[in-house]
> 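Pasting a structure below so you can have a look.
Hydrogens, waters and symmetry mates play no part in the numbers below; they use all other heavy atoms, side chains included. Here is how names work: the chains are called A, B, and so on, in the same order as the sequence lines, proteins then strands, and each is numbered from 1.
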Amino acid sequence: MEIPKNYNPQEAEKEIYEKWSKSGFFNPDVCIEKKKTSPDAPHFSIILPPPNVTGVLHIGHAVGTTTEDILVRFYRMKRYRTLWVPGTDHAAIATQSKVESIIQKQEKKNRHDLGREEFLKRVNSFAQESHDTIVSQIKKMGASVDWGREAYTLDKKRNNAVVTAFKTLHDLGLIYRGIRIINWDPKGQTSVSDDEVKHEESEGTLYTFYYEKDFPIPIATTRPETKLGDTGVAVNPKDKRYKKYVGKTFRVNFAGEELKIKVVADKEVDPSFGTGAVGVTPAHSFVDWEIANRHDLEVKQVINEYAKISLPKSEFFGLKTTKARELILEKIKKNGLLLKEEKIKQNIARAERTGGLIEPLPKLQWFVAVNKDFTFPHSSLSFVKKGEKTTLKKLMKLAVKKKHVSILPQRFEKTYFHWIDNLRDWCISRQIWFGHRIPVYYPKDNSKKENISFFVGEKPLEGEWEQDPDTLDTWFSSALWTFSTLGWPEKKKNEKKYEEGNDLVNYHPTTVLETGYDILFFWVARMILMTTVLLGEVPFSYTYLHGIVRDKAGRKMSKSLGNVMDPIGIAEKYGTDALRMSLIIGASPGNDIKISEEKIKAQKHFANKIWNASRFILLSLPEKEKDLQKIIQKKIPLNKKDTTRAKKLSKHIKEVTNDIENFRLYLAGEKLYHYFWHTFADIMIEESKESIYQGKEEDRLSASQNLYLQLTEQLKLLHPFMPFLTEKIWSLIPKTAEKDLLLIEKWPET
RNA sequence: GGACGGCUAGCUCAAUCGGCAGAGUGUCGCAUUCACAUUGCGAAGGUUAUUGGUUCAAGUCCAAUGCCGUCCACCA
């Protein structure tokens, strides 16, 4: 047989992936049927973090996919009942705003010009295209996912899960509708959750002034235009300067607007900052909203959804907040009310997806109550009993504290707890069109009234009803992902460990959630929230957090910097296996991964080294059929030296296995590299040449036997990391008849 | 303001329980009929950011400092 001198990944990869797919072994049901695992075997399951259908896979996805595939292939070879479910995420706001901007650019139209139905058609076709690209890219990475179980966060089954989850939480009293101050994105024309707001530092001006001459307390603000909505002034209870005014109400005229200002004492006020007095604007500041709640101050909205002044009688009506600010300042100055003007550093809030400047506004929205007591309905969790009073916050916290979920690296547990401590009710309604429509029905033409009775769940048959026009936060459906992909709510949990056809019983809780640390809050925390309350289980036993991929200079990859690496381009140039190795070696959990073309090249060299070492062994195997058969059946006795070599291999197998089992993939990868190249190729093969070319027959056979063993066992060890290359070489190696794909070979005994 | 991470060879990073500081890449030298030039062999390259402490032993543990970075909070 002719074996080329160089390994050609482009040729091998496509053919091999098809071979794997055809074999059916990505599907655990087939593995059971073909006796490659059994119903009694422990399960190992991962649900692929669904990539957003906003475009193509980036290198971060490649890290995740590789990490997951290594684990999945390892446990499949260890004969676990192994399932990896693929899918994609509709990514509501991200996708909608992307399509909106494309339509704006190409047709100069906005979504209202098209109408809800037509617009959604456009978004769906964009999503479909993006989906198809993503699927082909996941395949290119070699991911051994079970395509037969593919899911989409917005498909029919997942919608059923969303509706059921919404209704269940509402029935438990954990979802409510109400007017609260929320983050409003004027650009995207929707509310967003606290986590979707990003703060960036900028320079601002802090103005200190009086509302009017007769008002005794000066106040300070960076946004004078919001002061049109002030209904109070808060001071510290211990502040002697202002004590005499506390409890009094003043009527003042500020910039032509009549204000009713009540002076209140609140311990949150820092007497040493500014003037020690806060002008309270309940409608346009989170902190002020809280103060107003505590002291029963009136809420007066002065800014609307378009970030314009909304007071019809005011001279500033209809002006943008920035313009109004200028004019109001002029007035303050003209009236001699300005005391001080100083430059300060401040953080401005922007919507993560659209970049719009966040305007806090009171609005009627849907919320998940995280601090509210409710009666826990399940008996399957050890840290909270059935019938016990608890809160969602407590559930989220205890799941990790009681080690039902372990976060790797562990230091992120602290970050997680801290986030929960600061958590406010989760605003889940969005005023966008793309996403799961809120499953609530109001009597016709009454959807905007606050105190109206409504119907949650399926549309009622009788009477005139209309569905809530809003959609759900995309993370609401993502939070259900581990079980919505496994058949919930049609499938139910029961006492059994295995029930044919019931994925929820067979694979939930999943074993590992592998994702980037940047979505710990967005996703991981919310999955724990939803799963504990809805299923009485945790979603996964381990959370493995990988780092963010950075360029050679340590910069985050971004389109604007032009340093984005296309994983597929790299895979095509250097081979998928080389890309996979370079993403794993040197990438410990939670730490950022720096990648460069040189690093990938080094792994391409390694792939070629493996190829050529294998080539040598294949060419040096004994020609006599009888001897060859003995070697294949591992029947040649090893001499003393080769026995030592075999022992080295066992030790190596043990170490690599141990590293993978403990999620130290970066170490396992490095050891595989080092052992193959510098122990096996440099030393063992070189030393064996003497026996093979000039040795006595028994030494020659012993050497061949050892090299054969070393190679075949190492191919197994390397397979999860470099699946294509190893599978290709495996197909060239003479072996016993029952052996077929390396994919489903048994992992070496330790 | 709070929390977390990093600082190890020119560069990118490892070092599992506290036990001989090690890879890749780059640099320099040598080698090409015999698996592999996408290679092999060899060399140079280190006060592990700084200061102090614990210990038989510290890159690793403790305390402090400096620089770089990240997340959270949001002082109006």
> What does A/K5 touch in the nucleic acid at a heavy-atom separation under 4.0 angstrom: a base, only the sugar-phosphate, or nothing?
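Counting heavy atoms under 4.0 Å across all strands, the contact made by A/K5 is with sugar-phosphate only.
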> Side chain of A/R615: nearest nucleotide among B/U16, B/C36, B/U70?
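The answer is B/C36.
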> Quote, to the nearest angstrom, the C1' distance that separates B/A58 from B/A15.
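My reading of the C1' atoms in B/A58 and B/A15 gives 13 Å.
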> At under 4.0 Å between heavy atoms, what does A/N658 touch on the DNA or RNA strands: base, sugar-phosphate, or nothing?
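No contact.
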> With nearest nucleotide decided by heavy atoms, which residue, A/R223 or A/K198, maps closer to the 5′ end of RNA chain B?
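That would be A/K198.
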> Could you tell me whether A/Y673 and A/F606 have their ring centroids closer than 6.0 angstrom?
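Yes, the ring of A/Y673 comes within the 6.0 Å limit of the ring of A/F606, centre to centre.
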> Any strand counts, and the cut-off is 3.5 Å on both contacts for Watson-Crick or G-U wobble. Which nucleotide pairs with B/U27?
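With both distances under 3.5 Å, B/U27 matches B/A43.
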> Which part of the nucleic acid, if any, lies within reach of A/Y673 when heavy atoms closer than 4.0 Å are counted: base, sugar-phosphate only, or nothing?
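The answer is sugar-phosphate, as A/Y673 gets under 4.0 Å only of primed atoms, P, OP1 or OP2.
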> Should the side chain of A/K227 and the base of B/A76 be counted as holding a donor-acceptor pair, with the cut-off at 3.5 Å?
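Such a pair does not exist between side chain and base.
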> Consider only side-chain N and O atoms of A/D473 and A/W426, and report whether a donor and an acceptor are under 3.5 Å apart.
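Yes, A/W426 and A/D473 have a side-chain donor paired with an acceptor closer than 3.5 Å.
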> Quiz question: going by heavy-atom distance under 3.5 Å, is there a donor-acceptor pair between the base of B/C74 and the side chain of A/N347?
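When only heavy-atom distances are counted, A/N347 does reach the base of B/C74 through a donor-acceptor pair under 3.5 Å.
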> Distance between the P atoms of B/C11 and B/U16, in whole angstroms?
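One P to the other, the span is 23 Å.
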> Send over the distance from A/Y242 OH to B/A76 C1', rounded to a whole Å.
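Distance, rounded to whole Å: 12 Å.
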> How is A/F286 classified with respect to the nucleic acid when contacts are heavy atoms under 4.0 Å: base, sugar-phosphate, or nothing?
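The residue A/F286 makes no contact with any strand.
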> Could you tell me whether B/C17 is syn or anti, where syn means a glycosidic angle within 90 degrees of zero?
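Syn, angle within 90° of zero.
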> On a plain distance test, is the side chain of A/E686 in donor-acceptor contact with the base of B/A35 below 3.5 Å?
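Flag set: donor-acceptor pair detected.
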> Considering only the C1' atoms, how many Å lie between B/G66 and B/U51, rounded to the nearest integer?
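So the two C1' atoms sit 11 Å from each other.
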> Closest approach to the side chain of A/K604, judged atom by atom: which nucleotide of B/U38, B/A76, B/A14 is it?
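For the A/K604 side chain, the nearest candidate turns out to be B/U38.
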> Can you check the distance between B/U33 and B/C28, where both ends of the measurement are the C1' atom (answer in whole Å)?
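B/U33 and B/C28 have their C1' atoms separated by 28 Å.
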> With a 6.0 Å cut-off on the ring centroids, do A/Y416 and A/F412 count as close?
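Aromatic pair excluded; centres sit 6.0 Å or further apart.
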> How many Å lie between CZ on A/F680 and P on B/A35, as a whole number?
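Result: 14 Å.
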> Out of B/A76, B/C36, B/A14, which has the shortest distance to the side chain of A/I344?
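Given the options B/A76, B/C36, B/A14, the side chain of A/I344 is closest to B/A76.
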> With respect to the phosphate group of B/G24, does any side-chain polar atom (N or O) of A/H678 fall under 4.0 Å of OP1 or OP2?
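The answer is yes; a side-chain N or O of A/H678 sits under 4.0 Å from OP1 or OP2.
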> Heavy atoms under 4.0 Å, any strand shown: does A/A613 hit a base, just sugar-phosphate, or nothing?
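Base contact.
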> Determine the contact category for A/S272: base if any of its heavy atoms lies under 4.0 Å from a base atom, sugar-phosphate if only primed atoms, P, OP1 or OP2 are that close, otherwise nothing.
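No contact.
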> Rounded to whole Å, please give me the gap between CG in A/N612 and P in B/C36.
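After rounding, the gap between these two atoms is 7 Å.
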> Using OP1 and OP2 only, check whether a side-chain N or O of A/W677 sits under 4.0 Å from B/C36.
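The answer is no; no side-chain N or O of A/W677 sits under 4.0 Å from OP1 or OP2.
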> Using the P atom in both, what is the distance from B/G40 to B/A14, to the nearest Å?
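After rounding to an integer number of Å, I get 24 Å for this pair.
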> Kindly state whether the ring of A/F663 and the ring of A/Y542 have centres lying under 6.0 angstrom apart.
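A/F663 vs A/Y542: aromatic centres under 6.0 Å.
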> If I pick the C1' atom on B/G6 and the same atom on B/G59, what distance separates them, to the nearest angstrom?
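Pairwise C1' distance, B/G59 against B/G6, rounds to 13 Å.
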> Would you say NZ of A/K243 has more than 12 non-hydrogen atoms from neighbouring residues, nucleotides or ligands within 6.0 angstrom?
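Open.
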> Looking only at side-chain N and O atoms, does A/H674 come under 4.0 Å of OP1 or OP2 in B/G22?
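For B/G22, neither OP1 nor OP2 has a side-chain N or O of A/H674 closer than 4.0 Å.
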> Less than 3.5 Å apart, any donor N or O on the side chain of A/D194 or A/N183 sitting next to an acceptor on the other?
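Result is yes, a qualifying pair exists.
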> Please measure how far the C1' atom in B/C61 lies from the corresponding atom in B/A23, and state the result in whole Å.
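About 26 Å, rounded to a whole number of Å.
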> Going by purine N1 to pyrimidine N3 plus the second Watson-Crick contact, or the G-U wobble pair, all under 3.5 Å, which nucleotide sits opposite B/C67?
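Paired with B/G6.
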> Any base atoms under 4.0 Å from A/S588, or only sugar-phosphate, or nothing? Heavy atoms, all strands.
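The answer is sugar-phosphate, as A/S588 gets under 4.0 Å only of primed atoms, P, OP1 or OP2.
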> Check the surroundings of atom NZ in A/K689: do more than 12 heavy atoms from other residues, nucleotides or ligands lie under 6.0 Å from it?
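Atom NZ in A/K689 is crowded, with more than 12 foreign heavy atoms closer than 6.0 Å.
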> Can you tell me how far C1' of B/C74 sits from CD of A/E290, to the nearest Å?
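The distance from CD of A/E290 to C1' of B/C74 comes to 13 Å, rounded to the nearest Å.
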> What integer number of Å spans the C1' atoms of B/A64 and B/U54?
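So the two C1' atoms sit 15 Å from each other.
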> Is the base of B/U16 touched by the side chain of A/K671 through a donor-acceptor pair closer than 3.5 angstrom?
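When only heavy-atom distances are counted, A/K671 does reach the base of B/U16 through a donor-acceptor pair under 3.5 Å.
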> Counting heavy atoms from C-beta on, name the nucleotide in B/C36, B/C74, B/U16 closest to the side chain of A/H199.
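Of all the options, the side chain of A/H199 is nearest to B/C74.
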> How many whole angstroms separate atom CD1 of A/I219 from atom C1' of B/A76?
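It works out to 9 Å between those atoms.
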> So which nucleotide does B/C17 pair with, by the Watson-Crick or G-U wobble rule with both distances under 3.5 Å?
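Its partner: none found.
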> Go ahead and name the base partner of B/A37; Watson-Crick or wobble counts if both distances stay under 3.5 Å, otherwise write none.
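Answer to the pairing question: none, since B/A37 forms no Watson-Crick or G-U pair.
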> Mind calculating the distance between CZ (A/F273) and C1' (B/A76) to the nearest angstrom?
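Atom-to-atom, A/F273 to B/A76, this comes out as 6 Å.
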> Please give, in whole Å, the distance from B/A15 P to A/D659 CG?
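The answer, rounded to whole Å, is 10 Å.
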> Is a donor-acceptor pair below 3.5 Å formed from side chain A/K414 to base B/C4, judging by atom type as modelled?
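Side chain to base: no pair present.
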> By nearest heavy atom, map A/V287 and A/Y666 onto RNA chain B; which one lands nearer the 5' end?
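The residue closer to the strand's 5' end, by nearest nucleotide, is A/Y666.
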> CD of A/E661: more than 12 outside heavy atoms within 6.0 angstrom?
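Check passes, neighbour count above 12.
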> Please work out if A/F521 contacts a base, only the sugar-phosphate, or nothing of the nucleic acid, heavy-atom cut-off 4.0 Å.
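Answer is sugar-phosphate: A/F521 comes under 4.0 Å of backbone atoms only.
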> Counting only side-chain N and O atoms of A/Y517, is one of them less than 4.0 Å from OP1 or OP2 of B/C72?
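Answer no for this pair, as no side-chain N or O of A/Y517 is under 4.0 Å from OP1 or OP2.
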> For a quick check of understanding: with a heavy-atom distance under 4.0 Å over all strands, which category does A/R411 fall into, base, sugar-phosphate or nothing?
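If one applies the 4.0 Å heavy-atom cut-off, A/R411 turns out to touch the sugar-phosphate alone, with no base involved.
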> Near A/K651 NZ, under 6.0 Å, is it more than 12 heavy atoms from other residues, nucleotides or ligands?
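Open.
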> Without decimals, in angstroms, what is the distance between A/I683 CD1 and B/G40 C1'?
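To the nearest whole Å, that distance equals 13 Å.
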